[in-house]
Amino acid sequence: MTDITLSIDGKTIAVPQGASILDACRTLEIDTPTLCFTETLEPAYACRACVVEVGPGALIPACARQVEEGMEVSTASERVIRSRRMVFELLGSATNLERADDDILRWNDSLGATKDRFGLPTKARERTAPHPGHHSPARAGDAESIQEPVKIEDDLYVRDYSACILCFRCVDACGEQHQNTFAIATAGRGFNARISTEFDFALPDSACVYCGNCIAVCPTGALVGKIQWDLRLEGQWNPSRQETKRSVCGYCGVGCNLEITTQDGRIVEVGSPADHDVTLGNLCIKGRFGWQFVYADE
Amino acid sequence: MDLRLLAATPTDVEQDAVDSVIGLPEDRDGDRIDQAVGRVALGGHQVRAERHLLLPALHSLRNARGWISEGGLGYVCERLTIPPAEAYGVATFYSLLGFEERPDRMVHVCDDIMCVGRSEATITRLEAEGVSVARSPCLGGCWSPPATLEDAVGSTFASGSDTPPVPQEPNGLRLLRRVGVVDPTSIGDYQEHGGFSALRRARELGPEEVLNELERSNLRGRGGAAFPIAVKWRGVRAAEGAVKHVIANGDESEPGTFKDRVLMEADPFALIEGLLIAAEATAATKAWIYVRAEYPTAIERLGTAIAAIEAAGLHDDLDIEIRVGAGAYICGEETSLFASIEGQRGEPRQKPPFPTTSGLFLQPTAINNIETLVAVLEVIEQGATAFAAVGTKDSTGPKLFSVSGDVHRPGVYELPFGTPLGELIALAGGARGQIGAVLLGGAAGTFIGPGDLNFELSIEGATGVGAMLGSGAVMVFNDSTDFGAIVRRIAAFFRDESCGKCVPCRIGTVRQEEALIRLADGNVIDSVESELRLLADIDAVMTDASICGLGRTAAAAVRSAIALELAGVIT
Ligand SMILES: Cc1cc2nc3c(=O)[nH]c(=O)nc-3n(C[C@H](O)[C@H](O)[C@H](O)COP(=O)(O)O)c2cc1C
Ligand code: SF4
Ligand code: SF4
Ligand code: FES
Ligand code: FES
């Protein structure tokens with residue numbers, strides 16, 4: 001395959017045709033923030049954290065644009081840094097990022113995002129659909145937030161949408177791109193857009209099959225296993241005491257690779273490696289949650 | 001696909017409403033309904049190909065009961081094999097669809113830029129009469145505020161206003177020459193007024209020569225982006241694909257804009273003639289007209305016109321379909337409009353790929369504004385040279401302007417590109433009082449101060465004063481205007497109309513409105529300067545990093561109002 005030569009921040013690089021600017025940045029080990037992008041899914045190009053400057057005109061998302069011969073990309077210009085910082089500031093002002101992936105917290109800090117510039121976030125409230133297009137007036141002095149009560153509807157999942165950044169990864173993992181179950185989708189519009197089942201039904205009343213693939217792709221802890229949630233509440237969740245080992249699932253004959261995480265010798269989470277070509281990080285309810293029965297009679 | 005259905009059952013009325021759109025259910029081969037778990041697995045491709053009937057089916061449910069029940073939505077999902085969560089996501093996107101029981105009669109009252117302030121008396125009166133009222137963004141009736149829209153169960157919407165006025169004499173007009181002259185429901189009358197002569201000429205010339213004429217004419221799109229039409233149509237003609245589309249964009253929801261409404265209501269055959277020429281030049285196999293639901297007269301007349309053209313056999317077997325929006329400004333953005341027709345949420349897509357190769361259903365698509373398609377008739381009829389002789393070098397031909405606000409004769413005006421703004425205002429009867437500012441291009445546009453009013457109305461002329469012509473909305477405000485209220489209404493508009501997909505616009509539009517309210521209340525977080533820095537940062541990320549034109553223009557009016565120090569923005 002022919003290579004494409006381009007320059008990024010003044011460095012010249014050749015990458016395969018069809019690669020994205022993001023691929024090229026990562027090849028050069030330029031730390032590029034991404035929120036909606038993840039290796040195993042086609043991104044929604046929605047977070048805009050990865051924007052770069054290519055000539056005049058609007059910035060472009062590095063994850064979305066294929067490299068072109070002779071392209072001159074800037075990832076560190078004032079415009080780029082300003083927009084990236086604002087993406088994190090805006091998200092931080094509306095959303096609880098405390099439990100987000102380490103990468104996200106690191107980018108947030110390195111960009112110097114200060115979320116409280118906009119006022120104090122409004123308190124949690126039910127976020128059942130206000131009518132799209134109908135104006136909900138700003139509440140004096142407060143920054144409208146998406147804080148809402150946590151949804152705990154079964155023994156396996158917790159949905160804490162106060163931490164949701166609308167990266168749409170869970171929707172894609174549940175739907176067309178992986179699981180083909182379509183239990184969740186985006187509902188509402190604008191600031192009131194949110195991830196929802198039909199009519200906001202509880203998960204057990206929806207089409208959900210509890211494969212957990214949404215949890216596996218959620219970068220902010222908005223979707224999390226109940227065990228992790230409970231340990232966190234008790235102040236017991238401690239990644240530094242955790243160990244992850246690979247194994248193969250024994251429930252059926254497919255042979256999905258598992259990543260079993262233990263804390264102090266006890267299983268706390270089961271996932272699958274994203275780079276495994278059979279699972280792409282996905283599992284079914286048995287593989288991901290079957291182990292909980294091991295402890296069920298304790 | 002494995003589909004889990006809803007438990008609720010539809011009423012007979014709902015079932016009939018949905019069947020009237022999709023057809024009666026019949027046993028399809030391969031359908032398997034497992035009653036015990038309520039999951040149905042359908043023969044995939046064929047039914048999924050009908051997903052584009054989702055929005056029409058939702059309209060039909062609204063029509064029948066006024067709102068969409070669980071049983072009604074569930075029945076649509078079953079008939080079209082759509083996961084209920086997705087159908088719910090689509091239905092909750094549109095402001096004219098609802099999930100709560102509602103009174104049989106409602107009235108939507110515009111409280112947008114031109115109507116804000118003037119709508120309160122109407123709202124109070126209606127509410128006193130016991131009528132349920134919903135506040136609405138611009139209804140395309142800005143010349144006589146406040147505009148209203150009747151919304152009654154059992155019927156389609158009904159506009160509270162007539163076709164916008166065209167105060168100029170028809171003599172010498174091109175785009176508007178048949179408006180108010182021809183009977184918009186009669187194909188015979190249209191023919192007697194020169195109708196279909198452009199189509200005949202285009203057929204004589206053949207597609208290549210039509211494209212050459214358009215290129216020589218330098219006709220550029222009238223929907224806001226001013227893209228050369230010949231480049232777009234050539235792209236579609238050259239694109240690979242057995243199925244190609246042409247679309248007339250009649251969503252016209254930019255506040256202050258009502259010029260496409262005039263064309264669709266008063267000269268519907270002309271638009272369809274333009275669309276037929278487009279289809280033949282691009283080798284399209286399917287044509288669509290997307291009209292906002294708030295323009296019921298346009299929808300009705302276009303429907304009548306299509307039927308008459310088909311009966312006369314002038315359409316050369318081209319399938320022309322009307323699609324009706326459901327209350328979403330964003331659906332005028334071309335890629336959102338595709339999603340809306342496809343039965344998806346009306347969210348824009350990242351470009352490239354561009355519509356010319358990957359548009360509706362990811363197939364090659366030429367989408368054009370209504371006025372652009374009518375201007376094509378002029379190019380073909382008069383020839384490129386005569387067309388380009390009007391206007392300026394870069395902005396050729398005649399242009400429509402929607403004039404509203406503090407002028408004596410608001411309405412739709414046709415002028416050659418390059419006419420000074422002052423001349424347009426004089427034509428509209430002059431200003432009422434001293435002009436405080438003109439908002440050019442609608443909510444997505446720019447305020448122009450009294451010192452700059454004599455620039456030339458052309459693409460270059462507007463750029464010269466740091467503005468964009470946009471859709472050609474000219475909103476005139478005299479110097480007693482509370483611009484603060486107008487600017488905050490614009491900010492609210494973008495907050496309400498953001499689709500919510502990308503971070504800069506979804507949250508930025510909210511923060512922008514909040515900061516403007518704090519500035520108006522004198523309730524700043526730190527200082528006025530820090531609030532202005534906040535607004536500048538929000539402006540930067542929305543303008544630079546949003547997916548689509550909505551977010552990219554959401555700060556334009558605010559920025560210009562602050563720069564001009566318009567009264568009432570900062571107190
Ligand atoms: C938020 C938004 C709303 C738009 N609404 C309309 C509209 O109502 N009608 C229209 O013709 N173009 C609208 N456009 C522009 C279209 O995306 C597209 O450029 C246009 O239909 C192309 O037609 P033209 O080349 O003939 O102008 C809108 C764009 C944006 C970003
Ligand atoms: S719940 Fe998680 S994965 Fe889903 S959209 Fe929100 S942040 Fe993304
Ligand atoms: S800019 Fe606004 S309207 Fe456009 S995609 Fe982003 S959120 Fe949606
Ligand atoms: S990571 Fe590129 S847009 Fe989200
Ligand atoms: S109809 Fe009210 S602003 Fe246009």
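Letters A, B, ... are given to chains in the order of the sequence lines, protein chains preceding strands, and every chain is numbered from 1.
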Chemist: Evaluate whether atom NZ of A:Lys151 has more than 12 neighbouring non-hydrogen atoms of other residues, nucleotides or ligands under 6.0 angstrom away.
Modeler: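 Yes, NZ of A:Lys151 has more than 12 neighbouring heavy atoms, counting only those of other groups under 6.0 Å.
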Chemist: Does B:Glu120 have more than 12 heavy atoms from other residues, nucleotides or ligands lying within 6.0 Å of its CD?
Modeler: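 Yes - once you tally the heavy atoms of other residues, nucleotides and ligands closer than 6.0 Å, there are more than 12.
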Chemist: Between B:Arg552, B:Glu70, B:Glu531, which residue shows the highest count of heavy-atom pairs closer than 4.5 Å to chain A?
Modeler: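 Most heavy-atom pairs within the cutoff with chain A belong to B:Glu70.
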Chemist: Are B:Asp526 and A:Arg117 ion-paired here, with the side-chain N under 4.0 Å from a carboxylate O?
Modeler: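 Looking at B:Asp526 and A:Arg117, the cut-off is not met.
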Chemist: If we ignore hydrogens and angles and just use 3.5 Å, is the side chain of B:Arg511 paired with the main-chain N or O of A:Glu144 as donor and acceptor?
Modeler: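 Side chain of B:Arg511 to backbone of A:Glu144, a donor-acceptor pair under 3.5 Å: yes, one is there.
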Chemist: What heavy-atom pair brings B:Ala540 and A:Ser83 nearest, and what distance separates the two atoms?
Modeler: O-OG, 3.9 Å
Chemist: Give me the atom names and distance for the closest heavy-atom approach of A:Cys47 to B:Pro504.
Modeler: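 Here A:Cys47 and B:Pro504 meet closest at O-CD, 4.3 Å.
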Chemist: Check whether NZ of the Lys or CZ of the Arg A:Arg189 lies under 6.0 Å from the centre of the six-membered ring of B:Phe93 and within 45 degrees of that ring's axis.
Modeler: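 A:Arg189 over B:Phe93 ring: yes.
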Chemist: What part of B:Ser530 gets within 4.5 angstrom of chain A, counting heavy atoms only: side chain, backbone, both, or neither?
Modeler: neither
Chemist: CD/B:Gln350 to SG/A:Cys63 distance, rounded to the nearest 0.5 angstrom?
Modeler: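 Going from the CD atom of B:Gln350 to the SG atom of A:Cys63 covers 7.5 Å.
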Chemist: Are any side-chain N or O atoms of B:Thr92 and backbone N or O atoms of A:Gly188, one a donor and one an acceptor, separated by less than 3.5 Å?
Modeler: yes
Chemist: Might you point out which heavy atoms bring B:Arg506 and A:Ile165 nearest each other, and give the distance in Å?
Modeler: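 It is NH2-O, 3.2 Å.
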Chemist: Do the side chains of A:Leu91 and B:Ile507 get nearer than 4.5 Å, heavy atoms only?
Modeler: yes
Chemist: Among B:Pro84, B:Ala515, B:Cys505, B:Gly346, which has the most heavy-atom pairs under 4.5 Å with chain A?
Modeler: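 So the answer, after comparing B:Pro84, B:Ala515, B:Cys505, B:Gly346, is B:Pro84.
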Chemist: Any idea which of A:Gly57, A:Ala185, A:Gly190 has the most non-hydrogen atom pairs under 4.5 angstrom with chain B?
Modeler: A:Gly190
Chemist: Does any heavy atom of chain B fall under 4.5 Å from the side chain of A:Ile184, the backbone, both, or neither of them?
Modeler: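 Backbone only.
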Chemist: Has A:Met71 got more than 12 heavy atoms of other residues, nucleotides or ligands less than 6.0 Å from its CE?
Modeler: yes
Chemist: When only pairs under 4.5 Å are counted, which of B:Ile538, B:Leu534, B:Val510, B:Thr509 shares the most heavy-atom pairs with chain A?
Modeler: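 Ranked by contacts with chain A, first place is B:Leu534.
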Chemist: Using side-chain heavy atoms (C-beta onward) and a distance below 4.5 Å, is B:Val541 in contact with A:Arg84?
Modeler: no
Chemist: Do B:Arg345 side-chain atoms and A:Thr186 backbone N/O form a donor-acceptor pair below 3.5 Å?
Modeler: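 Present.
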Chemist: How long is the span from the OG atom in A:Ser93 to the CD atom in B:Glu514, to the nearest 0.5 Å?
Modeler: 8.0 Å
Chemist: How many angstroms lie between atom CG of A:Asp205 and atom CG of B:Leu6, to the nearest 0.5 angstrom?
Modeler: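 Answer for the CG-CG pair, A:Asp205 versus B:Leu6, is 11.0 Å.
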Chemist: For A:Val51, is it the side chain, the backbone, both, or neither that has a heavy atom closer than 4.5 Å to a heavy atom of chain B?
Modeler: side chain
Chemist: Heavy-atom distance under 4.5 Å to chain B: side chain of A:Leu35, backbone, both or neither?
Modeler: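 Nothing of A:Leu35, per the 4.5 Å heavy-atom cut-off to chain B.
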Chemist: Report the distance from atom CG of B:Asp496 to atom NE2 of A:His135, rounding to the nearest 0.5 Å.
Modeler: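 B:Asp496 atom CG to A:His135 atom NE2 measures 5.5 Å (nearest 0.5 Å).
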Chemist: Checking heavy atoms, do the side chain of B:Ala328, its backbone, both or neither come under 4.5 Å from chain A?
Modeler: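 Both the backbone and the side chain of B:Ala328 come within 4.5 Å of chain A.
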Chemist: Which bit of B:Ala536 comes within less than 4.5 Å of chain A, counting heavy atoms only: side chain, backbone, both or neither?
Modeler: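 Contact with chain A is through both the backbone and side chain of B:Ala536.
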Chemist: Give a yes or no on whether A:Glu69 atom CD has more than 12 heavy-atom contacts from other residues, nucleotides or ligands under 6.0 Å away.
Modeler: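 Check passes, neighbour count above 12.
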Chemist: If we define contacts as heavy-atom pairs under 4.5 Å, which of A:Ala187, A:Ser196, A:Ala64 has the most with chain B?
Modeler: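 Among the listed options, the one with the most contacts to chain B is A:Ala187.
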Chemist: Looking at A:Val80, A:Val87, A:Leu90, which makes the most heavy-atom pairs under 4.5 Å with chain B?
Modeler: A:Leu90
Chemist: Under 4.5 Å between any side-chain heavy atoms of A:His131 and B:Tyr94, yes or no?
Modeler: no
Chemist: Heavy-atom count around B:Lys351 NZ within 6.0 Å, excluding the residue itself: above 12?
Modeler: yes
Chemist: Sort out for me which of A:Ala58, A:Cys36, A:Ala94, A:Ala193 touches chain B most, counting heavy-atom pairs under 4.5 Å.
Modeler: A:Ala58
Chemist: Would you mind reporting whether B:Ser136 and A:His134 have side-chain heavy atoms less than 4.5 Å apart?
Modeler: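 A side-chain contact under 4.5 Å is absent here.
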Chemist: Is there a donor-acceptor contact under 3.5 Å from the side chain of A:Arg48 to the main chain of B:Ala545?
Modeler: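 Confirmed, A:Arg48 side chain pairs with B:Ala545 backbone.
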Chemist: On a heavy-atom basis, which atom in B:Ala85 and which in A:Ala183 lie closest, and how many Å separate them?
Modeler: CB-O, 3.4 Å
Chemist: Return the orientation label for the A:Phe199 and B:Phe99 ring planes: parallel under 30°, perpendicular over 60°, tilted otherwise.
Modeler: perpendicular
Chemist: Using a cut-off of under 4.5 Å on heavy-atom pairs, state which of A:Cys167, A:Ala49, A:Pro61, A:Gly175 scores highest against chain B.
Modeler: A:Pro61
Chemist: If you round to the nearest 0.5 Å, how far is CZ of B:Arg4 from OG of A:Ser206?
Modeler: 6.5 Å
